[in-house]
Undergrad: 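One structure, as structure tokens, below. Some questions next.
What you see is a predicted model, and the numbers here were worked out from it, not measured in a lab. Computed from heavy atoms alone, side chains included, the values below leave out hydrogens, waters and symmetry copies.
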Amino acid sequence: MAAAGVLDLYALRAGLGALLIRRVAMLGRGNLAPASAALAEVRAAARDNDHTRIREVDLWFQDALARIADLPQAARTFEHLTARLRMFVTVLEMDYSQARDTIADEDAAVHESLARRGRSSQMASRMARSKPST
């Protein structure tokens, strides 16, 4: 398993992930329930100091966001890349013990940003509807 192949996978997945996150942000916070459930699992794994589980639930959180984006082909491709990433992580026996708190904090920050953006969009929409016509 060449390092270049792993790097290529991460680069492709990161690019597609960025597109999917932008789409989720556009849709608003009303669709975040699956990601909220996954985030709860991420936090529990970090709290329990379970470095094996944190790896899996972090990927679950990311896949949940991909599905929320409502771009079925992009989400399927992202999930396929996730499956390949799982294989690399397993074969390379990557240790996530030092990263568990960082993973939980980063996932929470992404979730909060998406929830906040959804609140801002909803508030702007309500304000526009309540503005008197001139």
Side-chain angles (χ1 to χ4, degrees):
M1 191 159 316
V6 175
L7 181 60
D8 184 39
L9 173 64
Y10 270 104
L12 179 57
R13 194 168 175 276
L16 183 55
L19 170 94
L20 291 164
I21 288 290
R22 282 193 301 275
R23 173 69 174 162
V24 172
M26 289 172 40
L27 293 174
R29 70 181 182 158
N31 301 321
L32 288 178
S36 299
L39 179 59
E41 291 297 321
V42 169
R43 287 177 169 151
R47 184 181 56 251
D48 296 344
N49 199 20
D50 188 338
H51 64 273
T52 303
R53 196 167 114 230
I54 191 82
R55 176 180 69 203
E56 187 57 34
V57 294
D58 177 45
L59 294 175
W60 177 33
F61 174 74
Q62 294 170 23
D63 283 350
L65 289 173
R67 286 187 300 277
I68 291 167
D70 197 27
L71 296 172
Q73 290 182 53
R76 275 193 303 277
T77 300
F78 189 84
E79 288 175 324
H80 173 74
L81 295 172
T82 298
R84 290 188 57 213
L85 180 60
R86 272 190 191 95
M87 180 189 66
F88 283 144
V89 166
T90 301
V91 169
L92 296 174
E93 298 178 347
M94 294 176 70
D95 181 7
Y96 282 63
S97 60
Q98 300 298 315
R100 72 182 179 285
D101 291 331
T102 301
I103 289 168
D105 291 346
E106 288 176 356
D107 287 356
V110 166
H111 187 275
E112 178 56 32
S113 178
L114 291 168
R116 197 173 336 124
R117 177 166 276 201
R119 284 191 294 269
S120 297
S121 296
Q122 288 174 346
M123 199 179 320
S125 177
R126 272 186 292 209
M127 288 174 64
R129 283 193 307 260
S130 66
K131 242 184 189 180
S133 301
T134 56

Undergrad: At their closest point, which heavy atom of Ala66 faces which heavy atom of Leu20, and how far apart are they?
TA: CB-CD1, 3.7 Å
Undergrad: Working to the nearest 0.5 Å, report the span between CD1 of Ile21 and CG of Leu114.
TA: 5.0 Å
Undergrad: Listed by chain and number, what are the side-chain contact (heavy atoms from CB on, under 4.5 Å) partners of Ala44, not counting sequence neighbours?
TA: Arg47, Arg53
Undergrad: Enumerate the residue pairs fulfilling side chain to side chain donor-acceptor pair (under 3.5 Å) with a member in residues 64-77, sequence neighbours excluded, ordered by first and then second residue.
TA: Arg67-Glu79
Undergrad: To the nearest 0.5 Å, how far apart are CD1 in Ile54 and CD in Glu41?
TA: 10.0 Å
Undergrad: Please table the atom pairs, donor to acceptor, closer than 3.5 Å between any side-chain atom in residues 101-108 and protein atoms at least two apart or in another chain.
TA:
none

Undergrad: With sequence neighbours left out, what residues match Thr52 under side-chain contact (heavy atoms from CB on, under 4.5 Å)?
TA: Asp50, Arg55
Undergrad: Show every donor-acceptor pair shorter than 3.5 Å between a side-chain atom in residues 31-39 and any protein atom, with sequence neighbours excluded, or say none if there are none.
TA:
from  : atom 1 : to     : atom 2 : distance (Å)
Ser36 : OG     : Leu32  : O      : 3.1
Ser36 : OG     : His111 : NE2    : 2.7

Undergrad: Less than 3.5 Å apart, which donor and acceptor atoms pair up between the side chains of residues 7-18 and the rest of the protein, not counting sequence neighbours?
TA:
from  : atom 1 : to    : atom 2 : distance (Å)
Arg13 : NE     : Thr82 : OG1    : 3.2
Arg13 : NH1    : Gln62 : OE1    : 2.8
Arg13 : NH2    : Gln62 : OE1    : 2.6
Arg13 : NH2    : Thr82 : OG1    : 3.1

Undergrad: For Trp60 and Val42, run side-chain contact (heavy atoms from CB on, under 4.5 Å): C-alpha distance rounded to whole Å, both residues' side-chain angles, the deciding distance at 0.1 Å, then the answer.
TA: CA-CA 9 Å; Trp60 177 33; Val42 169; over 6 Å; no
Undergrad: Taking atom CZ of Phe78 and atom CG of Leu19, what is their separation to the nearest 0.5 Å?
TA: 10.5 Å
Undergrad: I need the minimum non-hydrogen distance between Val24 and Leu65, along with the two atoms involved.
TA: CG2-O, 3.3 Å
Undergrad: At what distance, to the nearest 0.5 angstrom, does CG of Asp95 lie from CZ of Arg100?
TA: 10.0 Å
Undergrad: Does any pair with a residue in residues 18-28 pass salt bridge (charged side-chain N to carboxylate O under 4.0 Å, His left out), and if so which ones, sequence neighbours excluded?
TA: none
Undergrad: Could you work out, with salt bridge (Lys or Arg N to Asp or Glu O under 4.0 Å) as the rule, every residue matching Arg84, not counting sequence neighbours?
TA: none
Undergrad: What distance separates Arg43 CZ from Phe61 CZ, expressed to the nearest 0.5 Å?
TA: 9.0 Å
Undergrad: If you take all heavy atoms of Ala69 and Leu27, which pair is closest and at what distance?
TA: O-CD1, 3.6 Å
